[in-house]
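The structure appears right after this line, and notes come after that.
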Amino acid sequence: MLYFTDGIYSSVTGMARTYIADLHQHVGKEVQLHGWLYNKRSSGKIRFLLLRDGTGVVQCVVVKANVPEQVFAVTDTLTQESAFSVRGTVRADSRAPGGFELDVTDIPKVYQVAAEYPITPKEHGVEFLADRRHLWLRSARQHAVLRVRHRIIKAIRDFFDGRGFTLVDSPILTPAACEGTSTLFETDYFDLGKAFLTQSGQLYAEAGAMAMGKVYCFGPTFRAEKSKTRRHLTEFWMVEPEVAFNDLNDDMELAEEFLEYIVQSVLKDCAGELSVLERNTALLQNVKKPLPRISYDEAVEILHRKGQPFEWGNDLGGTDETVISEQFDRPVMVHRYPAEVKAFYMKRDPQNPKVALAVDVLAPEGYGEIIGGSQREDDLDVLLARLKEHNLPQEAFEWYLDLRRFGSVPHSGFGLGVERTVGWICGLDHVRETIPFPRMIYRITP
RNA sequence: UCCGCGAUAGCUCAAUGGUAGAGCAUGCGGCUGUUAACCGCAGGGUUGUAGGUUCGAGUCCUACUCGCGGAGCCA
């Protein structure tokens, strides 16, 4: 990848700016880099400055005999995270982790000498780092996670955009609970009463699908549940495709192609990042369609065979999901859940009205549910009955019911949780590292 | 809301109920190839808060606060 070694000039020296990731193109030439001091080592008359610029880290070697006295003196004033620019000659060196070093000729500008930096090269606890998330983002590990996250989001957009989907954004402020189940964040909304932060864009995506055929919405989602686990955030990102005339099987096919596309894109473009994260990619290589499909009934059989206490009719818990996913070498799709544990809008299976035409995709290695989807109930009268059963106010859903009054068709869709997907692909032990500024029940800063 | 674990130097952690310690970071000094560099010296503490037991509490007891993990709920 090229990082714009283009016409951007330093106002200080009039010399083109070069990025560390592009150094391989400049071996033997003089370049000027701009960045921050990542770490420093010294040995008498030689200084090793580790410079990071967002694209990588390079060791800059300052030899006392080779630079003016004041340049050498400047190196002793630079503290960790001080910002400066450095000029020198690029040299390939097998000892360097990145393969290249810079033989420094000048330090033309020191932007700022940083105050004592709290995050040292040694280990820190999670609370300490979380309090300084805005600085923690500068570390190599966090760079890798954020780059993978970026690549995943790009893959999501490329996948749908390349298949004729239209992005139809759903609102974040909504008048009522979408599904009536979760606890939502509430706020005053002028003279119109209460408003809630959305827990899902799905109902609006259905309206989009009836208008445009194939749509997806992609935005932040909010849950006020007091969930306190490594898989939960109060604010997270979800992408929700919705397709008119798709049944449950079409939905599962879309989901497996989608997951394959995301994972293979990351494997292809983020090998360096996954290496920094020490991620074993063997299982990720397996993520290709077809993904195994089992019914909820078969999932219950697996649990019983593995000695897991479980009663038909319950939803799968975190441990149950892990036990099931351990039986497979790639994500597994579990379909046809008991209708009673699922949302009101899911269509029941005509073959067995006790189950809903729903599907959850469970990621391997205990990362849990990354996709939840279903075929939607498209019959007006059935939907009206479901609203009553769930004690939901019909008037709040009139617009949604209109979708069944004016050209109702079978349709289906699903939602993918971005943070869980990032956590799974990166092999992280907590979703709080998958988003730049995580929001959890006991943390809203920084 | 429930269950479990934890809180000691800026950070990560030690310390049988008997004088509060180390590594890193910081400051000073040394070293021309260091890779979380190394070597020497120095500064740095109301042991989360409030009570209690004891001749004596970082250590034992009670309550509280905050955090972490899990359950429930969910992506």
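Throughout, protein chains are lettered first and strands after them, A, B, ... in sequence-line order, and every chain is numbered starting at 1.
For the C1' atoms, the distance linking B:rA57 with B:rU8 amounts to 14 Å, nearest Å. Nucleotides B:rG6 and B:rG44 place their C1' atoms 25 Å apart, quoted to the nearest Å. Of the C1' atoms belonging to B:rC38 and B:rC68, the separation is 36 Å, rounded to the nearest Å. Spacing between B:rC39 and B:rA22 at atom P, rounded to whole Å, works out to 15 Å. Separating the C1' atom of B:rA36 from that of B:rU12 is a span of 13 Å, rounded to the nearest Å. One P atom belongs to B:rG51, the other to B:rU16, and the distance between them is 27 Å to the nearest Å. Comparing B:rC61 with B:rC73, their P atoms sit 35 Å apart, to the nearest whole Å. Comparing the P positions of B:rU19 and B:rC31 gives a spacing of 42 Å, expressed to the nearest Å.
The nearest heavy atom of RNA chain B to A:His430 and to A:Gly372 marks one nucleotide each, and the one closer to the 5' end goes with A:His430. RNA chain B is contacted by both A:Gly318 and A:Asn39; A:Asn39 maps to the nucleotide lying nearer its 5′ end (nearest heavy atom per residue).
Residue A:Ile441 contributes atom CD1, which lies 10 Å from atom P of B:rG69 at whole-angstrom precision. A straight line from CG of A:Leu316 to C1' of B:rA75 spans 14 Å, rounded to a whole angstrom. Summarising the geometry, the separation between CE on A:Met238 and P on B:rC74 is reported as 13 Å, rounded to the nearest angstrom. A:Lys228 has its NZ atom 12 Å from the P atom of B:rC2, to the nearest Å. Taking atom CZ on A:Arg420 and atom P on B:rC73, their separation rounds to 13 Å, with Å as the unit. Rounded to an integer number of Å, the gap from A:Arg41 CZ to B:rA25 P is 11 Å. Protein atom CG of A:Leu129 is 11 Å distant from nucleotide atom C1' of B:rU12, rounded to whole Å. One can place OH of A:Tyr337 at 13 Å from P of B:rC73, the figure rounded to the nearest angstrom.
No engagement by A:Leu50 is indicated, since no non-hydrogen atom pair under 4.0 Å with the nucleic acid exists. Among the atoms of the strands shown, only primed sugar atoms or phosphate atoms (P, OP1, OP2) are found under 4.0 Å from some heavy atom of A:Asp315.
With distances taken from any side-chain atom of A:Arg230 to the nucleotides B:rA36, B:rG69, B:rC74, the minimum falls on B:rG69. Nearest nucleotide to the side chain of A:Glu369, out of B:rA71, B:rG67, B:rA75: B:rA75. Residue A:Ser227 places its side chain closer to B:rC73 than to any other of B:rG70, B:rC73, B:rA75.
Qualifying ring pair (Phe, Tyr, Trp, His ring centres under 6.0 Å) partners for A:Tyr261, counting only residues two or more places apart in sequence or in other chains: A:Phe159. Residues forming a side-chain hydrogen bond (donor to acceptor under 3.5 Å, both in side chains) with A:Asp251 (at least two apart in sequence, or on another chain): none.
Just one residue in the list A:Arg293, A:Lys288, A:Arg330 forms a side-chain hydrogen bond (donor to acceptor under 3.5 Å, both in side chains) with A:Glu256, and that residue is A:Arg293.
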In 5'-to-3' order, the base (B), backbone-only (S) or no-contact (-) status of each nucleotide in nucleotides 28-33 of chain B, using a 4.0 angstrom heavy-atom cut-off, is ---BBB
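Of all non-hydrogen atoms in A:Thr18 and A:Leu33, the two that sit nearest each other are O-CD2, 3.2 Å.
Atom NE2 of A:His134 sits in a crowded spot, with more than 12 heavy atoms from other residues, nucleotides or ligands closer than 6.0 Å.
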With both pairing distances under 3.5 angstrom for Watson-Crick or G-U wobble, and | for a partner in another strand, the correct string for RNA chain B is (((((((..((((....[..)))).(((((.......))))).....(((((..]....))))))))))))....
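Relative ring orientation between A:His124 and A:Phe128 is described as parallel, the plane-to-plane angle staying below 30° on a 0-90° scale split at 30° and 60°. Aromatic ring pairs are classed by plane angle as parallel below 30°, tilted from 30° to 60° and perpendicular above 60°; the pair A:Phe258 and A:Phe414 is tilted.
Put simply, the side chain of A:Val126 reaches to within 4.5 Å of the side chain of A:Arg432, judged on heavy atoms. Inter-residue side-chain proximity for A:Pro338 and A:Lys354 is flagged as unmet; no heavy-atom pair is nearer than 4.5 Å. Under the 4.5 Å side-chain criterion, counting only non-hydrogen atoms from C-beta, A:Ser85 is in contact with A:Tyr111. The side-chain heavy atoms of A:Val31 and A:Leu102, taken from C-beta on, include a pair separated by under 4.5 Å.
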* Yes or no on ring pair (Phe, Tyr, Trp, His ring centres under 6.0 Å) for A:Tyr296 and A:Trp312, after CA distance, side-chain angles and deciding distance? -> CA-CA 9 Å; A:Tyr296 172 88; A:Trp312 197 99; 5.5 Å; yes
Any N/O pairs under 3.5 Å between the protein and nucleotides 5-11 of chain B? List them or say none.
| residue | atom | partner | partner atom | Å |
| --- | --- | --- | --- | --- |
| B:rC11 | O2' | A:Glu123 | O | 3.1 |
| B:rC11 | O2' | A:His124 | ND1 | 2.5 |

Are there any protein N/O atoms within less than 3.5 Å of an N/O atom in nucleotides 46-48 of chain B, and if so, which ones and at what distance?
none

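For the pair A:Asp378 and A:Lys347, the salt-bridge criterion is met [side-chain N within less than 4.0 Å of a carboxylate O]. With respect to the salt-bridge test (charged N to carboxylate O, under 4.0 angstrom), the residues A:Glu369 and A:Arg420 do not qualify.
Between B:rG72 and A:His232, no contact under 4.0 Å exists linking OP1 or OP2 to a side-chain N or O. Look at A:Arg432 and you'll find a side-chain N or O under 4.0 angstrom from OP1 or OP2 of B:rG69.
A cation-pi arrangement is absent between A:Arg132 and A:Trp136 under the rule of less than 6.0 angstrom and at most 45 degrees off the ring axis.
Between the side chains of A:Ser295 and A:Glu298, at least one donor N or O lies within less than 3.5 Å of an accepting N or O.
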